[in-house]
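Below is one structure, written out as structure tokens, with a few remarks after it.
Here is how names work: the chains are called A, B, and so on, in the same order as the sequence lines, proteins then strands, and each is numbered from 1.
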Protein chains: 2
Amino acid sequence: MTERPAPSLPQAGDNEPIVLVVDDDPSVRRALTNLFESVGLKVAAFGSAQEILQSKPPEVPSCLVLDIRLPGLSGLDLQADLAKANIHTPIIFITGHGDIPMTVRAMKSGAVDFLTKPVRDQDMLDAVQAAIERDRKRREIEKTVSNVRSRFESLTPRERDVLSLVASGKMNKHVAAELGLAEITVKIYRGQIMRKMGAKSLAELVKMNEALGIQPPKRDDQT
Amino acid sequence: MTERPAPSLPQAGDNEPIVLVVDDDPSVRRALTNLFESVGLKVAAFGSAQEILQSKPPEVPSCLVLDIRLPGLSGLDLQADLAKANIHTPIIFITGHGDIPMTVRAMKSGAVDFLTKPVRDQDMLDAVQAAIERDRKRREIEKTVSNVRSRFESLTPRERDVLSLVASGKMNKHVAAELGLAEITVKIYRGQIMRKMGAKSLAELVKMNEALGIQPPKRDDQT
DNA sequence: GGGCGAGCTATACCTAGGTTTGTCCCGTAG
DNA sequence: CTACGGGACAAACCTAGGTATAGCTCGCCC
């Protein structure tokens, strides 16, 4: 099967997960490809960080298996670049001679696992399993949030003003006072907001607004 | 241990953070204690995992500095025990001869950092700073959540039934139908719920209910 | 200039939410 | 037995939320 950088990545309507392997050693690529395919996982293999950066990110649950030592951009550099590009595919590192600071850096930046060569097949499969599961959940959340966000984009500035006050629990009359409006105006905007956001109740609206507010489930603490 | 008046921290009550050091080597304990006190941090030092398990967990923002190699319970064991005991004080590991799997395990279990000897003072201080900050945030969240939870405990079973339906956005009449009640009864419960929960609006109630539902910010998240 | 959308308001009307007061049943703790 | 808390309900009453219809000003684009 394909093991070369010409991968048929994302097929629309297809939800089958894929493992992206990046290693400069062809024999490692082949071995990993075989391993993942033996359990029915799709695989795309790359020889360098640059190669995978040029391909477009997959639209299905996926994970990266990355040698930390790569020609050109290292695995850690690639991790940082992906984060900067807002691509959050979970990463599993493999290394022959890594050290602890490297490991800590990778894990703090969100790696799922960090395996040392020789890697036991089962360990690798477990890690990939966990990573894909994580990505699946992340994508699910991302999907609903971006849905809400796009609805929010359709609101006029004034409607947004009203939304934030309404979602904070203020009464129409207080919203009106705060924005210098008549109460009736607030009521009308409110109705428009409910329609545009597709909320069937105030409770739903509040939850949507929460989802918008708590945007970055990013983890990394003090940057 | 040593309690010197903190230099310039004007805090009411006792909110001063503390660093808990666990190392079997007295000279290391002394060195770390001096280091932390030199920047105005309180310190308590222990010679073994058992010792610290017997002391009561601090009520102020704090963190653990833990040698991974300890007599009796190892640092990793202690980490696991604390997690089991629902104590989530952030942990910084130090090690002389750790390996990568150990590091990965510790980080996956939520350690803030994993430093190798010889530890540079600044690295240690940075890590402690970050860990304490993390604990401060965790405590803040924990405080408000447990506040909400205790209010929730004061609700009668029936009030809880009504709460969950109301918070999901259902109208009084629908709640009534679903629970086999008269609408007026739901209204009355609803009022009682608002009073007991201390919510001034439906929006607040919804948020409180969300906070109750999303209970465990377990380590390992990171979506 | 005319059309358009955003923003704002009013009148009128209806529904949903919420409190008060008072009543009743039931089980249990004192 | 009595007191008490939980649960349930009703009538009356008031406030808040929400829709429809209609009308106004502005600024913008063609």
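Salt bridge annotation for B:Glu133-B:Arg136: present, with a cationic side-chain nitrogen under 4.0 angstrom from a carboxylate oxygen. Of the charged side-chain nitrogens involved, none lies within less than 4.0 Å of a carboxylate oxygen, so that B:Arg138 and B:Glu142 do not count as a salt-bridged pair.
A:Thr144 and A:Asn147 form no side-chain donor-acceptor contact under 3.5 Å, judged by distance and modelled atom types alone.
For the pair B:Gln192 CD and D:dC9 P, the interatomic distance rounds to 13 Å; values are reported in whole Å. In this structure, CG of A:Leu181 is placed 11 Å from P of C:dA10, rounded to the nearest angstrom. Spacing between atom CE of A:Met171 and atom P of D:dT15 amounts to 11 Å, rounded to whole angstrom units. Put simply, NE2 on B:His174 is 14 Å from P on C:dT15, counting in whole angstrom units. Atom CE in B:Met194 sits about 8 Å away from atom P in C:dT19, given to the nearest Å. Atom CG in B:Leu202 sits roughly 16 Å away from atom C1' in D:dT15 (whole-Å rounding). Distance, A:Tyr189 OH to D:dT19 P: 15 Å, rounded to whole Å. To the nearest angstrom, C1' of D:dA16 lies 9 Å from CZ of A:Arg190.
Atom CD of B:Glu159 has more than 12 heavy atoms from other residues, nucleotides or ligands within 6.0 Å.
A close approach under 4.0 Å does occur between a side-chain nitrogen or oxygen of A:Thr156 and OP1 or OP2 of C:dG7. Distances shorter than 4.0 Å separate some side-chain N or O of B:Asn172 from OP1 or OP2 on C:dG17.
Nearest-nucleotide positions on DNA chain D for A:Lys187 and B:Glu183 put B:Glu183 closer to the 5' end. Place A:Arg195 and B:Gly180 on DNA chain D by their nearest nucleotides, and B:Gly180 ends up nearer the 5' end.
When each of C:dG17, D:dA10, C:dT9 is scored by its nearest atom to the side-chain atoms of A:Ile188, the top-ranked nucleotide is C:dT9. Comparing atom distances between the A:Ile184 side chain and each of C:dT20, D:dA20, D:dA16 picks out D:dA20 as nearest.
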Problem set entry | Full working for salt bridge (Lys or Arg N to Asp or Glu O under 4.0 Å) between A:Lys108 and B:Asp113 | CA-CA 8 Å; A:Lys108 282 212 275 190; B:Asp113 221 323; 2.8 Å; yes
